[in-house]
Amino acid sequence: MCGDLRAEDAGNDVVLMGWVNRRRDHGNLIFLDVRDRSGITQIVLDIEKSPEAHAKAEAARSEYVVAVKGSVRKRAAGLENPNMSTGDVEVVAHELLLLNEAKTPPFSPAEEAIANEEVRLKYRYLDLRRVEMQKNFALRSRVAMAIRNYLVAEGFLEIETPFMTRSTPEGARDYLVPSRVHGGHFYALPQSPQIFKQILMISGFDKYFQIARCFRDEDLRADRQPEFTQIDLETTFPQQELIFGFVEGFLKAAFREAGITLEPPFVQMTYDDAIKNYGIDKPDMRLPAMVSLTDELTSELRETLKIEQALPVLGFVIPSVGELSGTARKSLLSEIRGGFGDSGLDLLDVARLKTNETFAPLAAAIETKASLGADDLLIVVTPKLGTPAMWNYDPQWIYKRVGALRLTLAAKFADKHKRFEQTGTAADFKFLWVTDFPMYEWDEEHKVWNAAHHPFTSPHEEDIKAGKLTNDKGAVRALAYDIVLNGTELGSGSIRIHRQDVQAEIFRSLGMTDEEAHERFGFFLDALEYGTPPHGGIALGLDRIVMILAGATSLREVIAFPKTAKAIDLMVDAPTPVSEQQLKELSLRVATKS
RNA sequence: GGGGACGUAGCUCAGUUGGUUAGAGCGCUGCCCUGUCACGGCAGAGGUCGCGGGUUCGAGCCCCGUCGUCCCCGCCA
């Protein structure tokens with residue numbers, strides 16, 4: 001193929017087929033760069049050697065599909081191109097066929113500067129011809145294969161589950177599929193294979209996995225598409241560590257495909273520690289953690305500085321920001337203060353404290369605690385007098401708020417601290433297990449407790465025994481865990497409930513009557529009563545893994561035909577209205593047209 | 001649902017305080033060129049300034065609305 005030829009191929013006759021990447025016309029001598037998936041080779045068309053081929057090359061244009069018959073020649077000294085893998089050779093054409101012409105493309109796949117996404121997505125077939133995209137999808141294919149190979153070798157069975165299934169009223173919004181045969185009834189596309197994989201455990205398939213498509217009708221982000229691919233697995237009789245081991249194993253195999261050698265086991269951290277140290281349940285470990293300055297801020301100091309006594313004071317460092325000018329610093333601080341709004345938070349200006357005799361020791365203590373380096377930016381957030389209302393139902397609120405600020409500033413100064421740049425080694429990838437997630441989550445708007453993970457997650461045995469399911473829902477820990485990479489949640493799983501009575505109790509604790517539970521999950525509750533083994537598993541986003549490995553910041557770079565932020569496919573132009581006839585067959589009527 | 005950025009030639013973008021005929025680079029078309037590889041030279045074509053309305057003697061620029069793309073919050077058990 002086009003990318004394969006090397007100096008030792010000189011003298012061989014070859015046939016190459018591909019696209020015209022570029023044409024350089026010197027009159028009686030024409031160069032064509034011919035491109036296929038493997039790379040690019042320079043073709044030489046000399047009017048003296050082959051006037052017919054030369055004449056056709058004159059007519060060739062960018063993106064024409066051509067076939068070349070010719071012989072490989074080592075390039076003369078000084079004519080090599082060190083920027084091309086095939087740069088030591090060229091193919092002297094004896095014969096050239098223009099297999100297909102091409103309209104002038106709206107943008108050139110050969111071009112360095114890339115077009116805007118709207119154009120790229122509309123002409124996705126041209127965008128996908130670009131070298132970067134070809135690389136991304138080759139990587140994706142290898143990664144998926146490595147994961148399959150690993151899991152199969154570990155004794156997992158890949159089993160498919162339905163796309164057309166039943167709507168369950170909790171969680172994300174469902175994509176619905178109307179039934180023609182049963183007018184007014186709908187299938188739902190699965191948000192995940194969750195219930196099916198648990199039933200496969202009940203069915204005796206020890207170890208199940210699937211690289212499965214999932215569908216969620218929610219608003220999108222750079223790392224969220226309406227349909228996405230999960231590496232979904234479940235085993236019987238697991239401890240958490242067993243699941244962690246399988247995941248670490250397949251990730252190691254997957255990353256090897258990108259030339260990265262991971263060294264499991266990965267760091268583990270409880271949810272509570274993640275919140276305390278990073279203010280988020282998916283810490284980005286490439287940056288320093290937050291530091292608690294609660295001890296440094298004694299009650300007298302708080303008194304004089306007008307800081308609330310009972311609440312934490314948190315600081316963090318953004319490394320290597322460098323010297324900020326007076327105005328730059330001022331506008332940064334006031335921008336942050338503006339972001340706080342009336343939330344009751346304020347910044348402590350440590351630089352100013354230093355200039356004051358009374359507070360200089362405090363400033364010094366803070367800088368030491370935060371391990372402040374010469375070029376680092378230090379931010380300290382304090383609660384003003386008066387406890388904000390949110391504190392009453394979310395005592396982690398300040399941590400989360402400061403954690404979010406840490407990420408915003410880290411993104412803002414990414415060019416300075418360079419912690420987000422890839423160097424091509426395992427050090428670029430900070431993996432982390434976050435464990436012991438809370439079982440319940442308080443919904444302030446509806447004043448109810450919801451399942452934080454999903455209602456099939458098993459709580460810690462001791463929390464059940466301590467009666468916390470009824471007395472102290474906020475303190476119940478779940479046997480639920482996330483795997484996090486560089487601040488992105490890659491996947492999430494849990495040890496499941498395998499006893500019908502416990503499952504029923506959880507449903508009741510979520511405010512569901514037995515009747516409601518039975519209506520929604522009756523088939524599943526039934527299944528639990530026929531000898532259910534303890535089981536557990538996890539699901540990881542394949543798209544996100546490949547995205548991070550490819551050094552991309554959007555899933556659209558690693559999904560061949562993605563949708564826009566408004567869930568539109570610009571190439572095929574979907575979704576569309578359908579005919580009255582189709583609607584009638586499905587017993588549907590459209591109430592409003594937009 | 002909310003906030004922000006962007007929308008000018010096929011692509012990437014510039015366009016000053018509202019003022020003559022809206023520019024550049026790349027691409028495209030034609031001609032020339034036997035060692036280029038982001039080839040080079042000469043000539044040329046190409047514009048509903050996203051769309052609709054308003055202010056004004058005059059709008060790419062100001063105002064209102066609307067559409068699209070991207071990012072974020074909410075949302076994503």
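The figures that follow rest on heavy atoms only: side chains count, while hydrogens, waters and symmetry mates do not. Quick note on labels: first sequence line is chain A, next is B, and so on, each numbered from 1.
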* Asked: Expressed in whole Å, how much space separates the C1' atoms belonging to B:A14 and B:G2?
  -> 33 Å
* Specify whether A:His454 and A:Phe456 have parallel, tilted or perpendicular ring planes, treating 30° as the upper limit for parallel and 60° as the lower limit for perpendicular. => tilted
* Worked verdict on A:Ser38 versus A:Asp36 for side-chain hydrogen bond (donor to acceptor under 3.5 Å, both in side chains) -> CA-CA 5 Å; A:Ser38 65; A:Asp36 64 21; 2.6 Å; yes
* Out of curiosity, A:Leu510 CG to A:Glu505 CD, how far, rounded to the nearest 0.5 Å? -> 11.0 Å
* Structure fact -> Residues in residues 122-131 of chain A with a heavy atom under 4.0 Å of RNA chain B, by number, are none
* Per A:Arg224 side chain, nearest of listed nucleotides B:U12, B:G74, B:C70 -> B:G74
* Taking the same atom, P, in B:C6 and in B:G46, what whole-Å distance lies between them? -> 31 Å
* Taking the C1' atom of each, how far is B:G68 from B:C49, in whole Å? -> 16 Å
* Asked: For A:Asp281 and B:C76, what is the distance between atoms CG and P respectively, to the nearest whole Å?
  -> 13 Å
* To do: Dump the intermediate steps for side chain to side chain contact (heavy atoms under 4.5 Å, CB included) on A:Leu121 and A:Asp127, then the final yes or no.
  => CA-CA 7 Å; A:Leu121 289 174; A:Asp127 189 41; 5.9 Å; no
* In whole Å, what separates the P atom of B:G10 from that of B:A45? -> 16 Å
* Which nucleotide, B:C11, B:G35, B:C71, lies nearest any side-chain atom of A:Phe31? -> B:G35
* **Same-atom distance (C1') from B:A9 to B:G47, integer angstrom** => 6 Å
* Asked: Which value, in whole Å, describes the distance between the P atoms of nucleotides B:A24 and B:U17?
  -> 22 Å
* Would you say A:Phe107 stacks on B:C11, if stacking means ring centres under 5.5 Å apart and planes within less than 30 degrees? -> no
* How would you label the contact of A:Ala76 with the nucleic acid (heavy atoms, under 4.0 Å): base, sugar-phosphate, or nothing? -> nothing
* Among B:C76, B:U36, B:C72, which nucleotide sits nearest the side chain of A:Arg24? -> B:U36
* To do: For A:Glu90, report the nucleic acid contact type (base, sugar-phosphate, nothing); a contact means any heavy atom under 4.0 Å.
  => base
* Pair assignment for B:C57, Watson-Crick or G-U wobble, requiring both distances under 3.5 Å -> B:G19
* To do: Look at all strands and tell whether A:Pro106 reaches a base, only sugar-phosphate, or nothing, counting heavy atoms closer than 4.0 Å.
  => sugar-phosphate
* Atom CG of A:Leu45 and atom P of B:G35: how far apart are they, to the nearest Å? -> 15 Å
* Under the side chain to side chain contact (heavy atoms under 4.5 Å, CB included) rule, what do A:Trp442 and A:Lys447 come out as? Steps first, then yes or no, please. => CA-CA 7 Å; A:Trp442 178 247; A:Lys447 312 278 178 199; 4.0 Å; yes
* With P as the reference atom in both, quote the distance from B:G60 to B:G41 in angstrom, rounded to an integer. => 35 Å
* For A:Arg286, all residues meeting side chain to side chain donor-acceptor pair (under 3.5 Å), sequence neighbours excluded -> A:Asp284
* Among B:C37, B:C70, B:C75, which is the nearest nucleotide to the side chain of A:Met84? -> B:C37
* **Residues A:Thr435, A:Gln240; criterion side-chain hydrogen bond (donor to acceptor under 3.5 Å, both in side chains); working and verdict** => CA-CA 9 Å; A:Thr435 62; A:Gln240 257 179 205; 5.2 Å; no
* Separation of A:Lys412 atom NZ from B:C71 atom C1', in whole Å? -> 15 Å
* Asked: Of the candidate nucleotides B:G68, B:G1, B:G35, which contains the atom at the shortest distance from the side chain of A:Asp219?
  -> B:G1
* Under 4.0 Å between any heavy atoms, over every strand shown, what does A:Glu80 touch: base, sugar-phosphate, or nothing? Just pick one. => base
* Taking for each residue the nucleotide of RNA chain B bearing the nearest heavy atom, is the 5' side occupied by A:Arg216 or by A:Asn81? -> A:Asn81
* Asked: For A:Asn116 and B:C6, is the shortest distance between a side-chain N/O and OP1 or OP2 below 4.0 Å?
  -> no
* Structure fact -> note: A:Gln191, atom CD; B:C75, atom P; distance rounded to Å ~ 16 Å
* Structure fact -> With sugar-phosphate taken as primed atoms, P, OP1 and OP2 and all else as base, the protein-contact string of nucleotides 27-34 of chain B at under 4.0 Å (heavy atoms; B, S, -) is -SSS--BB
* Are A:Asp33 and A:Arg24 within salt-bridge range, i.e. N to O under 4.0 Å? -> yes
* **Side chain A:Arg75 and base B:C37 donor-acceptor under 3.5 Å** => yes
* To do: Could you check which of B:C70, B:G35, B:C72 has an atom nearest any side-chain atom of A:Val44?
  => B:G35
* To do: For nucleotides B:U8 and B:C76, find the distance between their C1' atoms and express it as a whole number of Å.
  => 38 Å
* Asked: Taking atom CD of A:Gln225 and atom CD of A:Glu227, what is their separation to the nearest 0.5 Å?
  -> 8.0 Å
* Asked: Does B:G40 have a Watson-Crick or wobble mate here (both distances under 3.5 Å), and if so which one?
  -> B:C32
* Asked: In Watson-Crick or G-U wobble terms, both distances under 3.5 Å, what is the partner of B:U69?
  -> B:A5
* Grab the CD1-C1' distance between A:Ile114 and B:C13 for me, whole Å please. => 15 Å
* Assess whether side-chain hydrogen bond (donor to acceptor under 3.5 Å, both in side chains) is satisfied between A:Ser494 and A:Arg496, documenting all intermediate values. => CA-CA 6 Å; A:Ser494 62; A:Arg496 327 295 183 189; 2.6 Å; yes
* To do: To the nearest Å, give me how far apart NZ (A:Lys566) and C1' (B:G1) are.
  => 12 Å
* Asked: Who is the Watson-Crick or G-U wobble partner of B:C26, with both distances under 3.5 Å?
  -> B:G10
* **Whether A:Phe521 and A:Phe507 hold their rings parallel, tilted or perpendicular, with breakpoints at 30° and 60°** => parallel
* Could one point to a donor on the side chain of A:Arg73 or the base of B:G35 with an acceptor on the other under 3.5 Å away? -> yes
* Asked: Roughly how far, to the nearest 0.5 Å, is the NZ atom of A:Lys563 from the CZ atom of A:Phe561?
  -> 10.5 Å
* Look only at the side chain of A:Arg477 and the backbone of A:Asp463, and say whether a donor-acceptor pair between them is shorter than 3.5 Å. => no
* Asked: Could you give the CZ-to-P distance, from A:Arg120 to B:C70, as a whole number of Å?
  -> 11 Å
* To do: Could you state the atom-to-atom distance from CD of A:Glu118 to C1' of B:U12 in whole Å?
  => 15 Å
* At under 4.0 Å between heavy atoms, what does A:Ser108 touch on the DNA or RNA strands: base, sugar-phosphate, or nothing? -> nothing
* A:Arg221 vs A:Asn450, nearer the 5' end of RNA chain B by closest nucleotide -> A:Arg221
